[in-house]
2 protein chains.
Amino acid sequence: MDRPSEPAATAGSESCLETKLAHYADLNPEDRALLRALEEKPEDWSRKSVVVQAGDRLDALYVVRKGWLYSSQLVGDGRRQVFQLFYPGDIVGAREIGLKHALSTTVCATDCVLCPFEKQALCELFNSSSRLSALLYAVGMVDEMVIIERMKAISRMKARERVAHVFMEILTRLRITSSSREAVFELPLNQETLGDLVGLTQVHTNRTLRQLERDGLITRKGSLIELNEKGLREASSFNDAYFAIDTSWIPA
Amino acid sequence: MDRPSEPAATAGSESCLETKLAHYADLNPEDRALLRALEEKPEDWSRKSVVVQAGDRLDALYVVRKGWLYSSQLVGDGRRQVFQLFYPGDIVGAREIGLKHALSTTVCATDCVLCPFEKQALCELFNSSSRLSALLYAVGMVDEMVIIERMKAISRMKARERVAHVFMEILTRLRITSSSREAVFELPLNQETLGDLVGLTQVHTNRTLRQLERDGLITRKGSLIELNEKGLREASSFNDAYFAIDTSWIPA
DNA sequence: CGTCCATTTGATTAAGCTCAATGGACGTGG
DNA sequence: CCACGTCCATTGAGCTTAATCAAATGGACG
């Protein structure tokens, strides 16, 4: 369960990291090759697999090619905080690159395809391309801003706004790599995990979801969530300015 | 009030950014020179000056040479979240390097000496030194982990633990650049701002501070705070593992 | 001495937590 | 196929924490 089960069935598809970074800035062929090099060994991981366990030695990082993951840490007696969701093109472990041992646990929310690479390979990348270095830096800062936005919501908003906010966050984030403009997605998180993401108990998360549904802000069919985008944006005063990177300062 | 008042009186002192990064990894003379170049124009700013206002065009970044600053954003009707404190050696604006306009407001908590530099200068640095690029990246990730720690506290801890936690955070952070092992510092934040940092109202922050004082976990003399380090560490289950960077992967 | 600002205290209320029970969906072994 | 266990969603009742509202106190400083 906890290790990749078999050689990937999906080798040969395009590099997700490349796609994501190209979304922010033009990349020359050498830079593209560097990024693709990070995705040479795709592996299949199944839902609920623990990719990195808090306390593990941090040897490899992973480019997400397919699927969702989430990182969490335990707080006191049984409480938990989920603080980041990973989508295709994200790098699992990047935040903790500077640590010997992981602080957080990262789990597959769906079946995933992950491409492991050594810390050393990132070093290679810093050595070879200042453009990619700066771009990675900028993308890391965007991830941080996403977390700050959620912190604001947890700290200063009521349950209804918090849940509305996180749905808008997810939608916006998915649209970076997806072409679809639909406001629908499969949410591979149960209500406990969703609660841990927005700082609510499972019970209160449930009540809040039902309230959002009654108010016509979301529709649920199993794990499929359809958003009333306009309504949710208002309800959560969601602002997506931080997803648009200005790359004009980045080395050519 | 909002602009630096006079040519700096402190020109000539050592580079704080250099000191901070050298704390994490050995630096060669060229790298040191690059860092010092960012601190060529020290400016004096007075307490309560607004260094960057949300919405401003983001032209310059600032190395903090002296003083404390904090960044905040407004949330809904009058609520506010303070999400980062800046100390000597930190770079104001780094997180928003990829944005055209600032999302957050940064204010001097004390009189400060700041060294402005152009975004372009950071580009120069990415171009010139892969070692510094990687180190800046790693340090950025540490800042992010500090924010995640505080998010955990806000989301999953009670008022008492939250305030204890933030005091330990401040102490640990100060010790990166300070040589003193004392558990005392001047806290240049009023109770409203401290509350905005940990997600409490000013009134409840006050009650919590008094409770910590009654319990012998802190002592206050004006804005001077003395910590019962052991007690606070236990009360907040504070862990400082993320302040120790592993630099072995960083390019030479 | 009055003004400004921050701190302190009290009384009340509301949001969200805890505990507890129920029910549906689904997979497994007999 | 049925009985059972597991996981997850749902709902109710009572309780706790922190917010809110309101006011008093206490410097610091011109």
Side-chain angles (χ1 to χ4, degrees), chain A residues 1 46-48 70 75-82 107-110 152-166 186-215 218-225 235-236, chain B residues 1 46-48 70 75-82 107 109-110 153-166 186-214 218-225 235:
Chain A
M1 169 64 94
S46 61
R47 195 167 89 89
K48 297 196 181 175
Y70 62 87
V75 188
D77 49 315
R79 292 169 175 287
R80 187 176 68 149
Q81 180 64 41
V82 171
V107 177
C108 298
T110 65
K152 276 166 57 183
I154 290 173
S155 178
R156 295 310 201 184
M157 289 179 177
K158 305 235 188 279
R160 189 184 132 102
E161 302 169 86
R162 286 191 217 176
V163 176
H165 190 279
V166 83
E186 199 77 29
L187 184 72
L189 309 174
N190 64 22
Q191 295 180 356
E192 185 180 354
T193 305
L194 184 60
D196 288 340
L197 187 61
V198 293
L200 297 172
T201 56
Q202 180 273 320
V203 170
H204 204 65
T205 303
N206 176 274
R207 289 192 228 272
T208 308
L209 285 172
R210 315 228 73 218
Q211 191 199 342
L212 287 175
E213 198 166 25
R214 264 201 314 285
D215 296 350
I218 63 173
T219 317
R220 297 182 298 162
K221 289 197 194 79
S223 60
L224 195 74
I225 309 260
S236 63
Chain B
M1 170 64 91
S46 61
R47 195 168 88 89
K48 297 196 183 178
Y70 62 87
V75 188
D77 49 316
R79 292 169 175 286
R80 185 177 69 148
Q81 180 64 40
V82 171
V107 177
T110 65
I154 290 173
S155 178
R156 294 310 200 186
M157 290 179 178
K158 304 232 188 279
R160 189 185 132 103
E161 303 169 86
R162 285 190 217 177
V163 176
H165 190 279
V166 82
E186 198 79 30
L187 183 72
L189 308 175
N190 64 23
Q191 295 180 357
E192 185 179 353
T193 305
L194 184 60
D196 288 339
L197 187 61
V198 293
L200 297 173
T201 56
Q202 179 271 320
V203 170
H204 204 66
T205 303
N206 176 273
R207 291 192 227 271
T208 308
L209 285 172
R210 316 227 72 221
Q211 192 199 342
L212 287 175
E213 199 166 25
R214 263 201 314 284
I218 62 172
T219 316
R220 296 181 299 161
K221 288 198 194 79
S223 60
L224 195 74
I225 310 259

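Below, chain A is the first sequence line, B the second, and so on; all start at residue 1. All values below come from the heavy atoms of this structure, side chains included, with hydrogens, waters and symmetry mates left out.
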Asker: If the cut-off is 4.0 Å, is B:Arg79 near the phosphate of D:dA19, judged by side-chain N/O to OP1 or OP2?
Answerer: no
Asker: Using whole Å, report how far CG of A:Asn206 lies from P of C:dG16.
Answerer: 14 Å
Asker: Atom NE2 of A:His204 to atom C1' of D:dT11: distance rounded to whole Å?
Answerer: 14 Å
Asker: Looking at every heavy atom in both B:Ile154 and B:Leu197, which two are closest together, and how far apart are they?
Answerer: CD1-O, 3.7 Å
Asker: Rounded to whole Å, how long is the line connecting atom NZ of A:Lys158 with atom P of D:dT17?
Answerer: 18 Å
Asker: Whole-Å distance between D:dA19 P and B:Asp196 CG?
Answerer: 11 Å
Asker: Would you say a side-chain N or O of B:Gln202 is under 4.0 Å from OP1 or OP2 of C:dT8?
Answerer: no
Asker: In terms of the nearest nucleotide of DNA chain D, which residue is placed more toward the 5' end: A:Leu189 or A:Ser155?
Answerer: A:Leu189
Asker: Please report the distance, rounded to the nearest Å, between CG in B:Asn190 and C1' in C:dA6.
Answerer: 7 Å
Asker: Classify the side chain of B:Arg207 and the base of C:dG10 as holding, or not holding, a donor-acceptor pair under 3.5 Å.
Answerer: yes
Asker: Would you say A:Thr201 reaches C:dG16's phosphate, i.e. side-chain N/O to OP1/OP2 under 4.0 Å?
Answerer: no
Asker: So, does the side chain of A:Arg160 form a donor-acceptor pair with the base of C:dG16 at under 3.5 Å?
Answerer: no
Asker: Measure across B:Ala235 and B:Arg160 and return the closest heavy-atom pair with its distance rounded to 0.1 Å.
Answerer: CB-NH2, 4.2 Å
Asker: Base, sugar-phosphate, or nothing for B:Gly195, non-hydrogen atoms under 4.0 angstrom?
Answerer: nothing
Asker: Could you tell me the Watson-Crick or G-U partner of D:dC4, where both distances fall under 3.5 Å? Say none if there is no partner.
Answerer: C:dG27
Asker: Could you measure the distance from the OG1 atom of A:Thr208 to the CZ atom of A:Arg162? Nearest 0.5 Å is fine.
Answerer: 8.5 Å
Asker: Taking only the side-chain heavy atoms of A:Val203 (C-beta and beyond), determine which of D:dC21, C:dG16, C:dT18 contains the nearest atom.
Answerer: C:dT18
Asker: Remember a base hit wins even if backbone is also touched, and classify B:Gly222 as base, sugar-phosphate or nothing at under 4.0 Å, heavy atoms.
Answerer: nothing
Asker: Between A:Asn206 and A:Gln191, what is the shortest heavy-atom contact and its length?
Answerer: ND2-OE1, 3.0 Å
Asker: Atom CG of B:Leu200 to atom C1' of D:dT20: distance rounded to whole Å?
Answerer: 14 Å
Asker: For B:Asp196 and B:Thr193, test the side chains for any donor-to-acceptor distance below 3.5 angstrom and give the result as yes or no.
Answerer: no
Asker: Whole-Å distance between D:dA18 P and A:Ile154 CD1?
Answerer: 16 Å
Asker: Taking only side-chain N and O atoms of A:Arg220, does any of them lie within less than 4.0 angstrom of OP1 or OP2 on D:dT10?
Answerer: yes
Asker: Within this structure, what is the CG-to-C1' distance between A:Leu209 and D:dC8, rounded to whole angstrom?
Answerer: 13 Å
